[in-house]
Amino acid sequence: QSQSGSRLANLVRDKYPLAMIDEFQDTDQIQYQIFNKIYHGDTNSNTNSSSSLIMIGDPKQAIYSFRGGDIHTYIQAQQETDTESRFTLDINWRSSSRLIQAINTMFGFRDAPFIANGIDFIDVKSGGIADKEPFSICGKSAAPLTIWHIPAEERLLGLKPAGYINKAAALDEVANVTAAEIVYLLNPKSEVKIGDRAIKPSDITVLVRKGAHAALIINALRRKGVACAYQGNDSVFNSYEAFEFSLILHALAHPENESYLLASLASRLVGKTSSEIVAMQGDETYWEQLTQKIIQLNYVWQSGHFVEAIYQFLYQMQVPENCLKMEGGERVMTNIRHLIELSQQAAKETHGINGLLSWYKLQMSESATADEQQIRLESDSDLINIVTIHKSKGLQYNIVFVPFLWDYSSRINGVVEFYDLIAGQKVFDFGSEEIKEHKEESQQEDLAEEIRLLYVALTRAVHKCYISWGRIVGAANSPLGSILD
């Protein structure tokens with residue numbers, strides 16, 4: 001903004017005369033102003049003749065407001081760009097032509113499916129790549145989009161409102177139906193193929209909005225004996241393993257405090273029962289040897305060998321063997337190894353044992369999720385993938401289930417945040433006389449982003465997509481309800 005700022009802009013523009021910003025729908029106002037200033041802002045420079053700013057984005061996929069992404073910035077940039085300088089990419093190179101036609105039809109039910117002005121839905125064409133290996137069941141072409149109708153059976157109905165399916169019952173029902181359909185698809189007798197090859201588990205992905213939905217699918221698949229892997233935005237420090245690992249850390253950090261050792265022994269990781277712990281304490285020789293071993297491991301840790309101390313404890317207590325006997329044990333061990341890795345890095349940056357314990361406690365208390373803390377896939381094996389919709393953006397999967405698109409509740413509570421079209425900026429309402437109207441605007445913005453999230457989910461599939469619908473409490477007000485209305 002200052003004179004020196006103009007000089008900096010000139011230097012950047014001279015060094016990089018062409019700038020291309022991909023995923024522009026996820027930028028914010030400040031980022032746009034910076035690039036606009038560099039490439040368009042100085043009328044006395046040669047910006048128009050020798051430099052260019054190319055902004056590439058799809059406003060229908062603007063789903064990162066929680067990270068600062070501002071869809072209104074995209075719309076502003078679009079409006080400030082000459083019509084002859086705007087181009088539309090109308091070919092989908094991912095999906096089959098029949099699936100593209102189904103999605104086009106679905107979003108064509110309404111005149112303004114994305115609610116926000118400036119975001120239009122344009123029918124796209126297929127690049128034809130997926131059509132070279134068609135999806136088939138028992139040798140016949142299969143429908144590209146399946147919408148399961150959940151019947152309002154008496155066993156699923158809630159008390160209020162009358163005749164509507166209880167949401168919790170619907171969640172369980174759809175999870176079980178999803179698992180059953182996956183079992184059917186993977187059964188060799190079903191002859192499900194992509195081109196000439198039989199499908200495999202890794203061809204199938206279930207997209208979910210949140211961890212609770214993932215848990216429903218994981219449990220339903222496990223009851224069917226189907227292995228799966230979950231990849232989401234959840235922090236490993238929010239896992240139950242993080243809590244139990246903290247018990248082990250405290251046991252090694254404070255060998256003089258027997259209660260920490262007892263707590264670690266009683267954890268699910270070590271797996272000692274109360275009677276086994278009593279017997280261990282009753283054997284004075286064994287208990288003395290165990291407590292001395294903990295003292296030795298504390299010394300190993302203090303000597304700068306944190307990882308060695310941890311793994312000695314884990315193997316002496318047979319934690320890997322215990323975990324692999326559990327249901328979902330591979331996930332447990334993946335989380336433990338992940339926690340050790342993160343703690344090892346922190347040990348290099350914190351002061352001593354107490355410093356690491358303080359850091360670990362802070363990680364467990366914070367809700368923010370750094371990329372390196374996000375839960376990892378437990379295996380590279382050929383498994384069913386369960387992925388959050390946010391995580392799936394930009395990716396593609398041959399067969400996609402999005403079973404819970406009707407489960408929606410507005411995130412608006414407390415202070416109301418909305419975009420003032422007249423002022424051209426975000427506004428926070430802490431309790432004005434117009435807060436009711438502003439809350440409605442905020443709820444509409446929230447619903448609009450959830451519809452964009454729905455669009456991202458439905459366009460991840462290459463060959464086949466499954467969704468569900470029914471007369472479920474609250475479903476009519478969901479993003480899917482808005483599209484199907």
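The minimum heavy-atom distance between Leu383 and Ala229, with the atom names listed, is CD1-CB, 3.9 Å. Here the closest non-hydrogen pair linking Leu484 and Phe109 is CD2-CE1, 4.3 Å. In terms of heavy atoms, Ile399 sits closest to Phe135 at CD1-CE1, 3.6 Å. Among all heavy-atom pairs drawn from Gly431 and Asp429, the shortest one is N-OD1, 2.8 Å. Nearest heavy atom pair, residue Ser442 against residue Val416, reads CB-CG1, 3.8 Å. Of all heavy-atom pairs spanning Asp90 and Lys125, the tightest one is OD2-NZ, 2.6 Å.
Glu440 has its side chain out of reach of Phe418: every pair of non-hydrogen atoms, C-beta onward, lies at least 4.5 Å apart. Counting only heavy atoms from C-beta outward, the side chains of Phe245 and Ile340 approach each other to under 4.5 Å. The side-chain heavy atoms of Phe107 and Ile483, taken from C-beta on, include a pair separated by under 4.5 Å. Contact annotation: the side chain of Glu449 never approaches that of Asp446 to less than 4.5 Å [non-hydrogen atoms, C-beta and beyond]. Side-chain atoms of Leu453 and Arg209, non-hydrogen and from C-beta on, do get closer than 4.5 Å to each other. Put simply, the side chain of Ile182 does not reach to within 4.5 Å of the side chain of Tyr466, judged on heavy atoms. Contact of the Asp70 side chain with the Tyr32 side chain is not registered, since no non-hydrogen atoms from C-beta on lie closer than 4.5 Å. Pro59 places a side-chain heavy atom less than 4.5 Å from the side chain of Ile71.
Of the possible donor and acceptor atoms, none in the side chain of Arg452 sits under 3.5 Å from a partner among the backbone N and O of Phe114. A distance-only check finds a donor-acceptor pair linking the side chain of Arg98 to the backbone of Ala142 [under 3.5 Å]. In this structure, Asp82 contributes its side chain and Glu84 its backbone to no donor-acceptor pair below 3.5 Å. The closest donor-acceptor contact from the side chain of His390 to the backbone of Tyr64 lies at 3.5 Å or more, if one exists at all. Side chain of Asn176 to main chain of Asp172: a donor-acceptor pair is present (N/O by atom type, distance under 3.5 Å, no hydrogens or angles). Looking only at distances, a side-chain donor or acceptor of Tyr360 sits under 3.5 Å from a matching main-chain atom of Ala242. Counting only distance, with no hydrogens or angles, the side chain of Gln61 and the backbone of Val456 share no donor-acceptor pair below 3.5 Å. Without hydrogens or angle criteria, Ser478 side chain to Ala475 main chain gives a donor-acceptor distance under 3.5 Å. Lys464 places no side-chain N or O within 3.5 Å of a backbone atom of Asn398 that could act as its donor or acceptor partner. Looking only at distances, no side-chain donor or acceptor of Ser95 sits under 3.5 Å from a matching main-chain atom of Ile100.
When the shell of 6.0 Å around CE of Met20 is examined, it contains 12 or fewer heavy atoms from other residues, nucleotides or ligands. The number of heavy atoms from other shown groups lying within 6.0 Å of CG (Leu89) does not exceed 12. With a 6.0 Å radius and a threshold of 12 heavy atoms from other residues, nucleotides or ligands, Tyr164 has its OH atom at or below the threshold. No more than 12 heavy atoms of other residues, nucleotides or ligands sit less than 6.0 Å from atom CD of Glu154. Other residues, nucleotides and ligands place no more than 12 heavy atoms under 6.0 Å from the CG atom of Asp111. More than 12 heavy atoms of other residues, nucleotides or ligands shown are found within 6.0 angstrom of CG on Asn187. Within a 6.0 Å radius of CD in Glu153, other residues, nucleotides and ligands contribute more than 12 heavy atoms.
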In residues 191-201, what donor-acceptor pairs under 3.5 Å come from side-chain atoms, sequence neighbours left out?
from, atom 1, to, atom 2, distance (Å)
Arg197, NH1, Asp203, OD2, 2.9
Arg197, NH2, Asp203, OD1, 2.9
Arg197, NH2, Asp203, OD2, 3.3

Might you work through the side chain to side chain contact (heavy atoms under 4.5 Å, CB included) test for His213 and Ile389, ending with a clear yes or no?
CA-CA 11 Å; His213 290 163; Ile389 300 174; over 6 Å; no
Stepwise, does the side chain to side chain contact (heavy atoms under 4.5 Å, CB included) test hold for Ile119 with Phe121?
CA-CA 7 Å; Ile119 305 181; Phe121 180 77; over 6 Å; no
Taking it one step at a time, do Ile38 and Tyr16 satisfy side chain to side chain contact (heavy atoms under 4.5 Å, CB included)?
CA-CA 10 Å; Ile38 292 173; Tyr16 304 104; over 6 Å; no
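Relative to the six-membered ring of Phe428, Lys426 misses at least one condition, a distance below 6.0 Å or an angle of at most 45° to the axis.
Taking the six-membered ring where the residue is Trp, Tyr419 and His72 present parallel rings, their angle staying beneath 30° rather than reaching 60°. In this structure, Tyr240 and Phe243 have tilted ring planes: the angle between them lies in the 30° to 60° band.
For an aromatic pair to be called close, the ring centres must be under 6.0 Å apart, and Trp359 with Phe237 satisfies this.
No side-chain donor from either of Glu341 and Gln345 sits under 3.5 Å from a side-chain acceptor of the other. For Glu23 and Gln25, the side-chain atoms include at least one donor-acceptor pair closer than 3.5 Å. Side-chain polar atoms of Tyr408 and Glu450 form no donor-acceptor pair below 3.5 angstrom. Asp382 and Ser202 share a side-chain donor-acceptor pair at under 3.5 Å.
Residues meeting the side chain to side chain donor-acceptor pair (under 3.5 Å) test with Thr459, sequence neighbours left out: none.
Residue pairs meeting the salt bridge (charged side-chain N to carboxylate O under 4.0 Å, His left out) criterion with at least one member in residues 128-143, sequence neighbours excluded, do not occur.
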